[in-house]
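We count ligands from 1, going down the list as the structure has it; atoms in each ligand are counted the same way. The structure presented is a predicted model; accordingly, all values stated were derived computationally and were not measured.
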Amino acid sequence: MAAYSDSERLAELRAFDATKAGVKGLADAGFTSVPRFFVHPDPDLERTPRANLQVPVVDLGGVAADPARRAAAAAAAGGAAEALGLFHVVNHGVPQQVLDEMLERVRGFHEEGVEVKGEYYTRDLSRKVVYNCNFDLFQTQAANWRDTLSFSMAPEPPRPEELPLACRDIAFKYASYVQKLGTVLLELLSESLGLNPDHLIKMECADGLRFFMHYYPACPEPHLTLGTSKHSDSGFITILLQDSLGGLQVLRQNQWLDVPPVPGSFIVNIGDLLQLISNDKFKSVEHRVLANSSGPRISVACSFSTNRATSTRLYGPLNELTSHNNPPRYKEVTMTDFLAHFNRKGLDGRSALDHYKL
Ligand code: OGA
Ligand code: NI
């Protein structure tokens, strides 16, 4: 292949970005190969052998009324957060119809013409609604085969008319369910740490809620690129809904393992800030999404954080979890500073937490 200069690459990125049509636009145009700027240089794409991860399951059935079930769920969530940083949630109370509609509506948005979705295409993360291909397109070495629509639903939900019509109604409905679920999960995680049930809630860990609605078109050369490159999530917890296509993997003891879709369940993963305040007791698991020759794959990640825009609260390892023998491992940081660092860095394969290590 001819040398690919930085200026050539930048020109191609700019031209692509200006289409406002994302990867979906390339797929629609009938591309049979991936443009060069999507090609990942790392040999880490070794796909074989594929193996499934045994994903711990947290059963939320009866946790509100039955103390024994609640204790079992707290132990299961805490154990999984420590050992792996990820678990499935079942009997979560969100109707299947709501999950199905959410995925269908996200697909609907991404399959709108560019005259509709292009209105929302931006690299300005302060806009209320952000649609783009790779938030870090101009920062990372290689782009991912993915488009994303994102917006905050808490603490200040957008006005309905500010959201794209395709997912307007479902976004509010889904947010009300997911907020309740996030609260229960943070309560259970608090309990598993030996804290009061409302400890993490009082620390504003569920004040902010942002949706990331991903669309991974079928990829003509899935062995050359990725859907989402290796990263851990920035917030406290993420509640992820994936469709039935698969492709999500987690890194466990240097091996990438598949997280197989379980219909009707959510995946919950621990984010960097919860690892930080738990002083590494809970693990912010590294994960990625493979590109796939079939598609589109659709997923919705809901990230819980504090109020991203205005919070000045400092987060550091909790006093209750540190001691003379287990001193704090991280500096204190505000969510705003952490997110600025996370977004500036992009998904470059390194942990954003390293920057705050003592
Ligand atoms: C994310 C993420 C996984 C997926 O949004 O942080 O890891 O399945 N998404 O899309
Ligand atoms: Ni993630």
With the Ni ion (ligand 2) as the apex, the NE2/NE2 angle for H231 and H287 - to 10°: 90°
For ligand 1, find out whether one of its N or O atoms is nearer than 3.5 Å to an N or O atom of Q242. no
Using the six-membered ring wherever Trp is involved, compare the ring planes of Y356 and F338 and label them parallel, tilted or perpendicular (cut-offs 30° and 60°). tilted
Aromatic rings F16 and F37: how do their planes relate, parallel, tilted or perpendicular, breaks at 30° and 60°? tilted
Check R297 against ligand 1 and report side chain, backbone, both or neither, counting heavy atoms closer than 4.0 Å. side chain
Can you say whether the rings of H214 and Y216 are parallel (under 30°), tilted (30 to 60°) or perpendicular (over 60°)? tilted
Looking at ligand 1, does any of its N/O atoms fall within less than 3.5 Å of an N/O of H214? yes
What is the ring orientation for H110 with Y215, classed by angle as parallel under 30°, tilted 30 to 60°, or perpendicular over 60°? parallel
Residue-level breakdown please: for L240 versus ligand 1, do any non-hydrogen atoms fall below 4.0 Å on the side chain, on the backbone, on both, or on neither? side chain
Consider ligand 1: state whether an atom of it lies below 4.0 angstrom from any non-hydrogen atom of T228. no
For atom 2 (C) of ligand 1, the closest protein heavy atom turns out to be H231 NE2, 3.8 Å
Measuring from the Ni ion (ligand 2), name the closest N, O or S atom belonging to D233. OD1
Using a 4.0 Å cut-off to any heavy atom of D233, which atoms of ligand 1 qualify? 6 (O)
